[in-house]
Protein chains: 2
Amino acid sequence: MAAQSAKSVAPPGFKSHNHKHCIERAVTHAKQSCQANGLQFTAIRQRVLEILLTQHKAMGAYDILDQLKEDGFNSQPPVAYRALDFLVQHGFAHKIERLNAFIACHSPENDHTPTFFICRLCSSVVETQPELTRGALGKTAKDVGFLIEQTVVEVEGVCPNCR
Amino acid sequence: MAAQSAKSVAPPGFKSHNHKHCIERAVTHAKQSCQANGLQFTAIRQRVLEILLTQHKAMGAYDILDQLKEDGFNSQPPVAYRALDFLVQHGFAHKIERLNAFIACHSPENDHTPTFFICRLCSSVVETQPELTRGALGKTAKDVGFLIEQTVVEVEGVCPNCR
DNA sequence: TCCATGACGCTATAGTATTACAATAGTGGT
DNA sequence: ACCACTATTGTAATACTATAGCGTCATGGA
Ligand SMILES: [Zn+2]
Ligand SMILES: [Zn+2]
Ligand SMILES: [Zn+2]
Ligand SMILES: [Zn+2]
């Protein structure tokens, strides 16, 4: 049993919050966004997003696969990877390269270039949008004539809760 | 056979340069640095660094392994990974997370937090040290109380030579 | 109806990385 | 020179991450 509290899951800014809202908000947004853009928010894709949303941590594709299996879904690798590709492609999730893992986007409403803060101890991941990235890196890029298409910015360390 | 020109290999700043100097400089530095710090710059480690230095591109561990095999070295995965771990650990090389690949450090003399510019078309990789990283990210980190230990900053796009 | 597209089921395989343990080589103190 | 200690290497096995390929089905437009 062990009914799980709906509150207190740490991040957004490493602060406790009502996480149920997080989930509902993200799922609702994804649904509407897909509708508006003629994309198919299928059962598998929704379930994968929900799985990602259960925690503010990055999950490996095979963790997701395990969860899908428990939920009675098909569970060959392509199932997870295809759904993840879709979610990442359309901005509902991100890949954390450092961890070879995936995380739900924390503010999918905005077009953004995310920066991730990863806690080495509790594995929580916080997504931020410091306009620094486009600003600071943009300047360097302009100097050498580099055309930026995508950035990976991942900071590893210790979060405030673990210090 | 096939004497290869010592010049013109693109990067440092995506500019043509005498690449032979690149290699010699890096190897010499690594040797001296290890000597000074009581580290063993063994044959395998040197060879792996040299292999990485042949191009300003990131190489996969198994590419390196193939090269080692041709050179008559042992070629099981741990051979490459151990050498790479050593080189990365001591700042002679870096891992490009986005590519699951490794590249020789371009300025191992300085203590640094590198940023990589990766060209999608020619695969060349340029390492820069914009103090932006520590500056911009540092500010965000301070705001939320995050202790930065390591950063991954990788920019993907099109380099000036490919535009 | 015919066709093109996109999603999914399923199998196999490719690519990346680590564990584990034995053997060997380098280091420093006696 | 000898020993004890540590670091490095040899080797096999395995774990983890990701993609290719192809057949099926549903949808939607020509
Ligand atoms: Zn939440
Ligand atoms: Zn996001
Ligand atoms: Zn060079
Ligand atoms: Zn470097």
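Reminder, nothing fancy here: chain letters follow the sequence lines and each chain counts from 1. The analysis underlying the following values was restricted to heavy atoms, covering all of them including side chains, and did not include hydrogens, waters or symmetry mates.
Rounding to whole angstrom units, CD1 of residue A/Ile96 and C1' of D/dC16 are separated by 18 Å. Across the protein-nucleic acid pair, A/Lys69 atom NZ and C/dC10 atom P stand 13 Å apart, rounded to whole Å. In this structure, the CZ atom of A/Phe73 is 14 Å from the C1' atom of C/dA7, given to the nearest Å. Taking atom CZ of residue B/Arg45 and atom P of nucleotide C/dA25, one finds them 16 Å apart after rounding to whole Å. Following rounding to the nearest Å, A/Glu97 (CD) and D/dT17 (C1') show an atom-to-atom distance of 12 Å. Atom-to-atom, CZ of A/Arg98 to P of D/dC16 comes out at 18 Å; the value is rounded to the nearest Å. Look at CG on B/Leu65: it is 11 Å from C1' on C/dT16, rounded to the nearest Å. Taking atom CZ of A/Phe41 as the reference point, atom P of C/dA7 lies 13 Å away to the nearest angstrom.
Using cut-offs of 30° and 60° for the angle between ring planes, the B/Phe92 and B/Phe86 rings count as tilted. Ring geometry for B/His19 versus B/His17: interplanar angle over 60°, hence perpendicular rather than tilted (30 to 60°).
Of the candidate nucleotides D/dG10, C/dT11, D/dA18, C/dT11 has the atom nearest to the side chain of A/Gln76. Checking C/dT18, C/dC10, D/dA18 against every side-chain atom of B/Tyr81, the shortest atom distance belongs to C/dT18. Distance from the side chain of B/Gln40 is smallest to D/dA7 among C/dA17, D/dA7, D/dT11. For B/Pro77, the side-chain atoms get nearest to C/dT18 when compared with the rest of C/dT18, D/dG10, C/dG9. For B/Thr42, the side-chain atoms get nearest to D/dT9 when compared with the rest of D/dT9, C/dA7, C/dA17.
Applying the 3.5 Å distance criterion, the base of D/dA18 shares a donor-acceptor pair with the side chain of A/Tyr62.
The nearest heavy atom of DNA chain C to B/Leu99 and to A/Leu39 marks one nucleotide each, and the one closer to the 5' end goes with A/Leu39. Nearest-nucleotide assignment on DNA chain D puts the 5′-proximal partner with B/Arg82, out of B/Arg82 and B/Asn100. Toward the 5' end of DNA chain C, the nearer of the two residues A/Ala43 and A/Pro78, judged by each one's closest nucleotide, is A/Ala43.
Dashed line: the shortest gap from a side-chain N or O of B/Asn74 to OP1 or OP2 of D/dT11 is under 4.0 Å. Side-chain nitrogen and oxygen atoms of A/Lys95 include none within less than 4.0 Å of the OP1 or OP2 phosphate oxygen of D/dT17.
Looking at A/Glu127 and A/His94, their side chains do bring a donor and an acceptor atom within 3.5 Å of each other. A/Ser107 and A/Gln129 share a side-chain donor-acceptor pair at under 3.5 Å.
Between A/Glu97 and B/Arg98, at least one side-chain N (NZ, or NE/NH1/NH2) sits under 4.0 Å from a carboxylate O, which counts as a salt bridge.
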